[in-house]
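Here the structure is laid out as structure tokens; the discussion comes afterwards.
Numbering of residues begins at 1 and proceeds along the displayed sequence. Start at 1 and go down the list; that is how both ligands and their atoms are numbered.
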Amino acid sequence: MLALTVSRVRRTAWFLAACIFLLISGCTEAKVPTALERVQKDGVLRVITRNSPATYFQDRNGDTGFEYELAKRFADSLGVKLEIETADNLDDLYGQLGREGGPNLAAAGLTPGGDRSSQVRYSHSYLDVTPQVVFRNGEQRPTRPEDLEDKRIVVLKGSSHAAQLAELKKQFPRITYRESDADEMVDLLRMVDVGEIDVTLVDSNELAMNQVYFPNVRVAFDLGDSRGLAWALPASDDNSLLEKVNAFLDKAKQDGLLQRLKDRYYGHVDVLGYVGAYTFAQHLQQRLPKYEQHFRQSGQKLEADWRLLAAIGYQESMWQPDATSKTGVRGLMMLTNRTAQAMGVANRLDAKQSIQGGSKYYIQVKDELPESIQDPDRTWFALAAYNIGGAHLDDARKLAEQEGLNPNKWLDVKKMLPRLAQKQWYRKTRYGYARGGETVHFVQNIRRYYDILTWVTQPQMEGGQLAESGLHLPGVNKTKPQDTPSDEKL
Ligand code: GLU
């Protein structure tokens, strides 16, 4: 009896175990992989974005842009490849995101809110921006929403700005506006710049990025408080990928990555100052065309990027061939008598000779740097050496080493340069006092000018006032930009 019971219990146990096994294996087979698992299994993260200077574009080294850089790092953190898709406009972007088999996420300077919130899930925010009303300098400045009545206003179709205007219109019915799905933000800014329209709305980060190209565009007033930009994921109950995104963005905020990207992409106005950025934009149109050929020729001869040489020239003299300083340096590239002689420059005030001599000198300085300094840092070190001299730069590199920093990384050495002007530090150096702080500014400015020059000289940019000289302003058409600055500048 007992034996019978035991065997029955045993059989029941086996039966149950078999059922559980079948159940589990059945479940496993039917289990749908999560969004995160799918990305990991495919080895690819598909991101949709907009092709614009504030989000994603291509330079001679390939893909770049704030959103691209951030998405690339996220893909790296997952150990997968990044695949970028671009949308023609915001409606298209949201449409693609919602489509079966569409991209995994959208990273495109998106402001959460409005009708779309129900169609997508937004990540934590990664950048605070303020919506700004902009107008053309010289016109009467609107200062409050009611001043927008009777103005020619165009905004991006499906944008948060269009939603803001729809709200305003309820209060001020005489406000009329057009939503454009054919243009990017740069097009709208250009239209304000040349007076084709009176007003547009732009996020403060995009304006900072583009201000230098559109000197007539001015902020009229902020339309509301700042808002956080976020990535968008398709609507779903599956939060696996969203949680990864949020953890990544939170970390990027803490470890300084977001700040570095912000400085890199939106820092033009901060670094140059408003007046500096504005003046540069003007000189780009009025002065550079006269000397561009010389820079190009020197660049070709020395196998250097002519735009970097032009950026040096601007930092030195604002492209003025008769520039003179109290210390006796002269000409467009501000050469000392000694350097001019060494470079074979007979007349320092001759723009062509000055550009040739200065360019040659820059390349010589670069060639003399130690092998251990690799590009892109090598370029920034060369600029520093051009300004302060190789000996002082060497001192700064030694100081970096003593501090446990990397003497071959510009980010590290630039922290040491200002110390060359402080007695407690320079008295311990071999070559003594030097105005290292100025050198940091010198390099920083040139990098900004260089960034701007590379963006405006994209070969695809057709038309514009500078077309004949081969120099073009952005936003004149919608072709895909290429050949812009290096991404290795963080
Ligand atoms: N942040 C805006 C939005 O999500 C788009 C960017 C712009 O219009 O400048 O609608």
Side-chain angles (χ1 to χ4, degrees), residues 47-57 65-68 70-71 86-98 103 105-135 148 153-168 177-193 197 199-211 213-214 217 219-234 249 258 261-262 265-266 268-269 474-475 478:
V47 171
I48 188 157
T49 187
R50 296 184 291 150
N51 182 207
S52 81
T55 49
Y56 162 73
F57 56 94
F66 182 95
E67 295 285 4
Y68 171 80
L70 199 56
T86 52
D88 287 340
N89 53 55
L90 287 163
D91 272 357
D92 178 31
L93 181 136
Y94 279 99
Q96 298 277 350
L97 194 62
L105 62 88
L110 302 174
T111 312
D115 299 344
R116 309 139 165 181
S117 290
S118 54
Q119 305 162 17
V120 296
R121 290 165 301 154
Y122 286 105
S123 71
H124 293 172
S125 78
Y126 54 84
L127 190 73
D128 284 333
V129 304
T130 310
Q132 297 182 308
V133 173
V134 295
F135 76 113
L148 300 181
I153 307 175
V154 183
V155 288
L156 294 187
K157 181 152 184 278
S159 67
S160 54
H161 305 139
Q164 281 190 291
L165 283 178
E167 272 305 305
L168 270 190
Y177 60 93
R178 184 165 70 79
E179 289 188 47
S180 166
D181 61 3
D183 298 304
E184 242 313 328
M185 203 61 238
V186 282
D187 303 297
L188 300 186
L189 290 172
R190 182 189 55 81
M191 284 155 84
V192 173
D193 193 61
I197 59 174
V199 161
T200 187
L201 266 67
V202 56
D203 286 338
S204 48
N205 65 315
E206 294 211 52
L207 183 63
M209 174 84 209
N210 289 297
Q211 177 75 78
Y213 311 122
F214 304 109
V217 172
V219 176
F221 57 92
D222 291 350
L223 193 60
D225 297 330
S226 75
R227 303 138 179 244
L229 298 183
W231 286 355
L233 279 75
L249 292 177
L258 278 175
L261 288 172
K262 223 172 108 179
Y265 287 99
Y266 306 129
H268 289 134
V269 176
K478 295 216 48 171

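Listed for the Ser226 side chain is no donor-acceptor partner under 3.5 Å among the backbone atoms of Asp128. The backbone N or O of Val154 sits less than 3.5 Å from a side-chain atom of Thr200, completing a donor-acceptor pair. No donor-acceptor pair closer than 3.5 Å links the side chain of Asp225 to the backbone N or O of Thr130. Judged by distance alone, with hydrogens and angles left aside, the side-chain atoms of Asp203 form no donor-acceptor pair with the main-chain N or O of Asn205 at under 3.5 Å.
Screening Asn89, Asp183, Asp91 against Lys157 for a side-chain hydrogen bond (donor to acceptor under 3.5 Å, both in side chains) leaves a single residue, Asp91.
Within the 4.5 Å cutoff, the side chain of Glu184 has heavy atoms near those of the Ser52 side chain.
Close approach to His161 involves these atoms of ligand 1, each under 4.0 Å from a residue heavy atom: 7 (C), 8 (O), 9 (O). Shown in contact with Ser159 at under 4.0 Å from a heavy atom are these atoms of ligand 1, numbered in order with element: 10 (O).
Counting heavy atoms under 4.0 Å from ligand 1, residue Leu156 touches it through the side chain alone. Contact annotation: for Gln132 versus ligand 1, there are no heavy atoms closer than 4.0 Å. Residue-level proximity to ligand 1 for Arg50 is carried by the side chain, the only part with a heavy atom below 4.0 angstrom. Using a 4.0 Å cut-off between heavy atoms, Leu90 contacts ligand 1 through its side chain alone, with no backbone atom that close.
Residue Arg116 places a heavy atom under 4.0 Å from ligand 1.
Counting heavy atoms only, Glu206 comes closest to atom 6 (C) of ligand 1 of the residues Glu206, Met185, Glu184.
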